[in-house]
Number of protein chains: 2
Amino acid sequence: MLKEERQHTILNEVELHNRVLLTDLAEKLDVSIDTVRRDVKELDSDNRLVKVHGGAVSLGFANHSPQRNNNVYSLEEKISIAQKATSLLKDNSVILIDGGTTCLELARLLPANINLTCFTLSLPVAMELLSKPNVETIFIGGALSKDSQIAMGANAIHNLSQIKVDYSFIGTGYVDAAFGLTEFDWDTVQTKKAVIQASKKTVLLCISEKLNSQHRFKTCDLNMIDTMITELPPDHPLLESFKNQELFLL
Amino acid sequence: MLKEERQHTILNEVELHNRVLLTDLAEKLDVSIDTVRRDVKELDSDNRLVKVHGGAVSLGFANHSPQRNNNVYSLEEKISIAQKATSLLKDNSVILIDGGTTCLELARLLPANINLTCFTLSLPVAMELLSKPNVETIFIGGALSKDSQIAMGANAIHNLSQIKVDYSFIGTGYVDAAFGLTEFDWDTVQTKKAVIQASKKTVLLCISEKLNSQHRFKTCDLNMIDTMITELPPDHPLLESFKNQELFLL
DNA sequence: TGTTTTAATGCAATATTTTGCTTTTTTTAA
DNA sequence: TTAAAAAAAGCAAAATATTGCATTAAAACA
């Protein structure tokens with residue numbers, strides 16, 4: 001029997017059952033287990049199946065795909081930004097945290113020794129805040145967007161108009177640049193405007209990589225922002241063009 | 001059996017029921033509990049589920065707060081109740097789903113072929129609803145309670161006063177009886193009242209075991225309820241005393 | 001054709017992984 | 001707090017992988 005035939009059979013078997021044992025294959029193909037092993041290894045490196053201990057599984061079956069591997073990328077930067085943002089907080093501050101992964105990181109990193117009242121529109125952020133004993137969390141209600149997991153629309157905007165917070169922390173967008181152009185609909189933009197109006201000071205959390213991309217400030221004008229935080233030191237050359245009296249860099 | 005198969009089964013089980021016990025998995029998969037534990041641990045670190053003491057819960061269900069390892073028990077009954085509840089739904093119904101594990105189960109089981117507008121006060125329920133393409137979700141804002149993960153207080157009550165839904169589905173309490181006496185504070189009771197007032201029909205989802213406990217109807221009077229659903233058939237002897245013209249049993 | 005080179009296969013010795021069991025530590029519920 | 005349940009850690013047996021090597025088959029070439 002040709003190697004080609006064997007491998008073909010192996011692939012068929014894997015496609016059919018989603019999984020196979022090397023021992024079964026060896027018996028079925030009437031070759032040694034070593035040969036099967038080598039075949040499977042080859043098919044694996046050709047990405048035709050996934051070899052696992054004791055056998056092989058089909059590509060679709062493979063556990064390798066972590067669910068929603070939300071941007072594991074630039075996590076370091078996001079943490080660094082969020083860390084800086086916490087330095088603005090004082091005891092009993094009233095703040096608002098927007099959605100997006102950077103903001104979520106901020107929610108995670110809120111210091112445990114400062115009492116805060118925290119508004120949010122974001123379901124994941126709210127979840128995170130609930131685990132903080134020192135944070136009183138108020139969710140701004142409204143119609144929930146399926147992709148951003150954020151409350152928005154007329155209802156949310158109205159609720160926002162009723163409050164005034166010391167700081168609101170907003171991100172640059174809900175969709176990571178890696179996934180394609182970030183397009184914002186009318187609702188998103190209006191809601192973000194309402195957030196800004198509900199805050200005495202607005203802080204933009206922004207990874208430097210986005211500073212010069214075409215996604216830049218799709219959501220809001222720079223002059224609506226009081227403080228911008230990137231992962232870079234404030235005197236970094238890349239930030240030169242943002243230095244002015246209006247905008248505080250951190 | 002390959003490790004991959006086992007883990008696949010575990011994931012299926014978790015997705016299906018939202019939660020599983022390690023002991024059940026061990027029996028079902030016919031391996032030691034250590035093996036199951038190791039598998040679950042692995043899946044957890046791959047962010048495919050969340051491991052909790054004694055079992056695992058699905059991602060959407062995850063009480064990221066270490067708060068309470070929500071009742072992995074009496075799941076069957078809850079599913080049965082939730083299943084019955086779905087029979088009340090019609091296309092384009094506007095409903096409200098309260099918090100608690102039974103209500104969460106209802107959110108999970110909402111049929112995919114019926115378009116719904118769904119209000120909720122519960123963070124976990126909202127999370128679940130977001131995964132349903134046919135459900136428009138509106139979150140009722142308010143101060144979030146750390147243990148029940150529900151919006152409540154004046155804000156929530158006011159928001160509730162603005163709406164009217166066809167059905168609201170409420171549970172008996174947020175804490176399972178097995179965990180001790182369920183004590184409700186003023187806020188909880190007021191909020192639940194507001195829920196009832198916001199609905200044309202109120203449906204109580206109630207495990208029969210609670211019918212004769214001292215926790216019975218701490219939250220609301222029976223005469224505020226239009227329909228009561230238990231896991232038992234409506235003509236079951238235990239339900240005899242609830243039969244009257246006011247209350248519809250299902 | 002006969003010889004040389006290369007690839008494929010099976011085997012055996014040696015690692016590595018997986019698994020269940022036991023003991024100890026931690027967590028949980030009452 | 002105590003007692004029960006669950007998790008963690010360590011260990012040994014079993015299953016599976018890896019590697020080197022010998023044998024055989026196939027291919028290349030004069």
Side-chain angles (χ1 to χ4, degrees), chain A residues 1-11 13-14 19-46 48-57 61-64 131 133, chain B residues 1-11 13-14 19-46 49-57 62-75 101 146-147 173-183 209-210 213-215:
Chain A
M1 185 180 241
L2 289 174
K3 188 170 76 165
E4 296 300 321
E5 292 179 72
R6 271 201 324 265
Q7 299 195 348
H8 199 261
T9 307
I10 292 173
L11 276 178
E13 206 67 13
V14 170
R19 75 190 175 94
V20 276
L21 302 179
L22 296 190
T23 51
D24 288 352
L25 286 175
E27 187 177 356
K28 182 165 187 133
L29 297 169
D30 195 31
V31 289
S32 81
I33 193 147
D34 303 69
T35 300
V36 172
R37 212 190 302 280
R38 280 185 272 241
D39 280 339
V40 166
K41 201 172 187 176
E42 205 170 309
L43 289 167
D44 177 86
S45 64
D46 287 352
R48 314 271 287 142
L49 49 69
V50 178
K51 184 181 181 330
V52 299
H53 194 94
V57 297
F61 197 86
N63 267 344
H64 278 293
S131 67
Chain B
M1 186 180 230
L2 292 173
K3 186 171 76 170
E4 273 61 30
E5 293 180 79
R6 271 200 326 261
Q7 298 192 350
H8 206 262
T9 307
I10 292 173
L11 277 178
E13 207 66 13
V14 170
R19 41 185 116 74
V20 280
L21 298 176
L22 295 191
T23 51
D24 288 350
L25 286 175
E27 188 176 357
K28 182 164 188 136
L29 297 168
D30 196 30
V31 289
S32 80
I33 196 156
D34 302 71
T35 301
V36 171
R37 187 172 286 123
R38 280 186 272 240
D39 280 339
V40 166
K41 198 173 182 178
E42 204 171 307
L43 290 168
D44 177 88
S45 65
D46 286 352
L49 49 69
V50 177
K51 185 179 181 334
V52 298
H53 195 91
V57 298
N63 276 329
H64 272 257
S65 55
Q67 290 301 113
R68 224 167 239 296
N69 164 13
N70 257 325
N71 355 335
V72 191
Y73 310 101
S74 58
L75 178 65
T101 46
K146 288 200 192 303
D147 33 285
Y174 304 127
V175 180
D176 200 76
F179 292 110
L181 192 69
T182 309
E183 296 202 76
E209 126 194 37
K210 290 194 183 177
S213 76
Q214 71 267 47
H215 312 135

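By convention in this document, chain letters (A, B, ...) are assigned in the order of the sequence lines, proteins followed by strands, and residues within each chain are numbered from 1.
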Here the distance between atom P of D:dA7 and atom CG of B:D44, to the nearest Å, is 12 Å

Roughly how far, to the nearest 0.5 Å, is CG of B:L49 from CD1 of B:I10?
-> 8.0 Å

Rounded to the nearest angstrom, tell me the gap between atom CG in B:L29 and atom P in C:dG20.
-> 10 Å

Give a yes/no on whether any side-chain N or O of A:R6 is located under 4.0 angstrom from OP1 or OP2 of C:dT9.
-> yes

When you look at CG of A:D30, are more than 12 heavy atoms from neighbouring residues, nucleotides or ligands closer to it than 6.0 Å?
-> no

Take atom CG of B:L21 and atom P of C:dT28, then tell me their distance rounded to the nearest Å.
-> 15 Å

The nucleotide from D:dT19, C:dT9, C:dG20 with an atom nearest the side chain of A:T35 is C:dT9

Given D:dA7, is OP1 or OP2 found less than 4.0 Å from the side-chain N or O atoms of B:K51?
-> yes

When rounded to the nearest 0.5 angstrom, what distance separates CZ in A:R48 from CD in A:Q7?
-> 9.5 Å

A:L22 atom CG is separated from D:dT18 atom C1', nearest whole Å, by 13 Å

Under 4.0 angstrom, heavy atoms only, what part of the nucleic acid is A:I33 near: base, sugar-phosphate, or nothing?
-> nothing

Rounded to whole Å, the NZ-C1' distance (A:K41 to C:dT9) equals 15 Å

Side-chain contact check for B:H53: nearest option of C:dG20, D:dT18, C:dT27 is C:dT27

Presence of B:S32 side-chain N/O under 4.0 Å of C:dT19 phosphate oxygens OP1/OP2 | no

Could you state the CZ-P distance from B:R38 to D:dG10, rounded to the nearest angstrom?
-> 13 Å

Among D:dT18, D:dT16, C:dT9, the one nearest any side-chain atom of A:K3 is C:dT9

B:D34 atom CG is separated from D:dA5 atom P, nearest whole Å, by 17 Å

Grab the CZ-C1' distance between B:R37 and D:dA8 for me, whole Å please.
-> 8 Å

Can you tell me if CD on B:E27 sees more than 12 non-hydrogen neighbours from other groups inside 6.0 Å?
-> no

Mind checking the OG1-CZ spacing from A:T35 to A:R6? Nearest 0.5 Å is all I need.
-> 5.5 Å

Using a 4.0 Å heavy-atom cut-off across all strands, classify A:V52 as base, sugar-phosphate, or nothing.
-> sugar-phosphate

